[in-house]
There are 2 protein chains.
Amino acid sequence: MQLRDESSLPYYEQLVLRVKQQIVQGILQPGDRLPSVRDMARQEQLNPNTVSKAYKQLETQQVIMTIRGKGTYVRDTTTSGNNTAQITASKRRLLTLLTEIRYLGVPASDVIAWIKTAYEEED
Amino acid sequence: MQLRDESSLPYYEQLVLRVKQQIVQGILQPGDRLPSVRDMARQEQLNPNTVSKAYKQLETQQVIMTIRGKGTYVRDTTTSGNNTAQITASKRRLLTLLTEIRYLGVPASDVIAWIKTAYEEED
DNA sequence: TCGAGTGTACTGTGTATAATAGTACACACA
DNA sequence: TGTGTGTACTATTATACACAGTACACTCGA
């Protein structure tokens with residue numbers, strides 16, 4: 001995996017993002033088991049608490065499922081209904097970023113090309 | 001203007017963004033004078049130091065021009081050459097956000113529609 | 001020349017977040 | 001029972017943000 005750096009996001013946020021990305025890419029599938037908090041911490045040179053924080057957030061977001069004393073597993077993709085709030089929040093963040101990008105003189109066509117490339121890169 | 005909240009960005013970052021947005025929208029034009037640090041602080045209910053931090057960043061980014069003892073003015077739009085690094089950084093941030101958005105199940109077409117709308121909303 | 005207004009710099013203070021360290025507990029399972 | 005699991009807790013360190021207050025050098029009009 002290798003975290004560290006990457007856009008100055010907190011480590012636990014980076015980890016959350018990685019897991020989601022691997023799910024989107026099919027590397028992680030529903031039912032798959034994630035490394036234990038301690039193993040992941042050893043792999044990523046992080047503190048177990050930091051990994052635990054990431055797992056906790058992923059559980060809150062219904063991405064993974066936790067069984068005490070057993071492990072953490074990727075959930076069935078319930079990417080169905082009630083994430084409207086999350087989508088709205090993400091959209092707002094995107095539009096904020098877009099203000100910056102527009103100021104830099106990047107045309108809409110370029111941004112759209114980025115989007116398309118990113119979406120094609122997977123599945 | 002009214003800052004406070006809006007995506008949990010720091011106040012000074014919000015202020016930086018607003019100024020850029022107003023430039024893009026033509027509300028602020030090259031040569032226009034920004035409110036003094038103290039006036040802006042009074043308007044926005046902020047500490048003068050916070051406003052100063054925003055102005056300082058805007059000056060570093062060549063957005064405004066500062067004349068000691070006189071005021072701060074919007075620069076001639078030198079949105080020409082050397083912002084490649086800034087564009088690259090923004091693109092990376094956008095792709096990071098996109099990972100999240102894709103996980104939420106938002107199709108590319110929706111994202112592209114957001115982009116188009118945002119670009120049309122101005123000028 | 002003087003004084004008001006300008007941006008800037010500096011030292012603090014308080015708060016919040018991130019990441020670490022260390023310890024302990026309840027649980028699952030062979 | 002013992003090992004491994006997630007979790008909870010306290011404590012420490014570092015950083016960023018926002019504020020308060022003060023001071024300085026500059027511009028410019030009265």
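A note on names: the letters A, B, ... follow the listed sequences, proteins ahead of strands, and every chain is numbered from 1. FYI, side chains are in, hydrogens and waters are out, and symmetry mates aren't considered; it's all heavy atoms of this structure. For clarity, every value in this text was computed on a predicted model and none was experimentally measured.
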Q. Only one of A:Arg93, A:Lys20, A:Lys91 forms a salt bridge (charged side-chain N to carboxylate O under 4.0 Å, His left out) with B:Glu100, so which one is it?
A. A:Lys20
Q: Name the closest nucleotide to the B:Tyr55 side chain, picking from D:dA18, D:dG6, C:dG7.
A: C:dG7
Q. 5'-most contact on DNA chain C: B:Asn49 or B:Arg33, nearest heavy atom basis?
A. B:Arg33
(Q) Taking the minimum atom-to-atom distance to the side chain of A:Lys70, which one of C:dC29, C:dA19, C:dA26 wins? (A) C:dC29
Q) For the side chain to side chain contact (heavy atoms under 4.5 Å, CB included) test, which of A:Leu58, A:Val51, A:Thr50 pairs with A:Leu15? A) A:Val51
(Q) Of the options D:dT5, C:dA19, C:dG7, whose atoms approach the side-chain atoms of A:Asp39 most closely? (A) D:dT5
Q) Among the nucleotides C:dT20, C:dG7, D:dA18, which one has an atom lying closest to any side-chain atom of B:Ser36? A) C:dG7
Q. Any donor and acceptor pair, going by atom type alone, linking the side chain of B:Ser52 with main-chain N or O of B:Pro48 inside 3.5 Å?
A. no
Q | Between D:dT7 (C1') and A:Leu58 (CG): distance, integer Å | A | 16 Å
Q: Rounded to the nearest angstrom, tell me the gap between atom CG in B:Asn47 and atom P in C:dC10.
A: 17 Å
Q | Residue-phosphate contact under 4.0 Å: B:Thr50 side-chain N/O, D:dC17 OP1/OP2 | A | no
Q. How many Å lie between CD on B:Glu59 and C1' on C:dA9, as a whole number?
A. 15 Å
Q. Looking at CD of A:Gln61 and CD of A:Gln86, how far apart are the two atoms once the value is rounded to the nearest 0.5 Å?
A. 5.0 Å
Q: Rounded to the nearest angstrom, tell me the gap between atom CD in A:Glu13 and atom C1' in C:dA18.
A: 11 Å
Q. Between A:Ile67 and B:Ile67, which has a closest nucleotide on DNA chain D that is more 5'?
A. A:Ile67
Q: Would you kindly give the CD-to-P distance between B:Gln45 and D:dA18, to the nearest whole Å?
A: 15 Å
**Q.** B:Lys56 NZ - C:dC10 P separation (whole Å)
**A.** 8 Å
Q. When we call it a touch if two heavy atoms are under 4.0 Å apart, what does A:Thr66 touch: a base, just sugar-phosphate, or nothing?
A. sugar-phosphate
Q) Nearest of D:dC19, C:dT8, D:dT7 to any side-chain atom of B:Tyr11? A) D:dC19
Q: Starting at atom CZ of A:Arg38, determine the distance to atom P of C:dA24, rounded to an integer number of angstrom.
A: 14 Å
(Q) Checking contacts here: which listed nucleotide (C:dT20, D:dA23, D:dT7) is nearest the side-chain heavy atoms of A:Arg68? (A) D:dT7
**Q.** Nucleotide D:dC17, atom P - distance to CD of B:Gln14 in whole Å
**A.** 12 Å
Q) From C:dG7, D:dT7, C:dA18, pick the nucleotide closest to the side chain of A:Tyr12? A) C:dA18
**Q.** Closest approach of B:Gln14 to B:Leu9 (non-hydrogen atoms, all atoms of both residues)
**A.** NE2-O, 2.7 Å
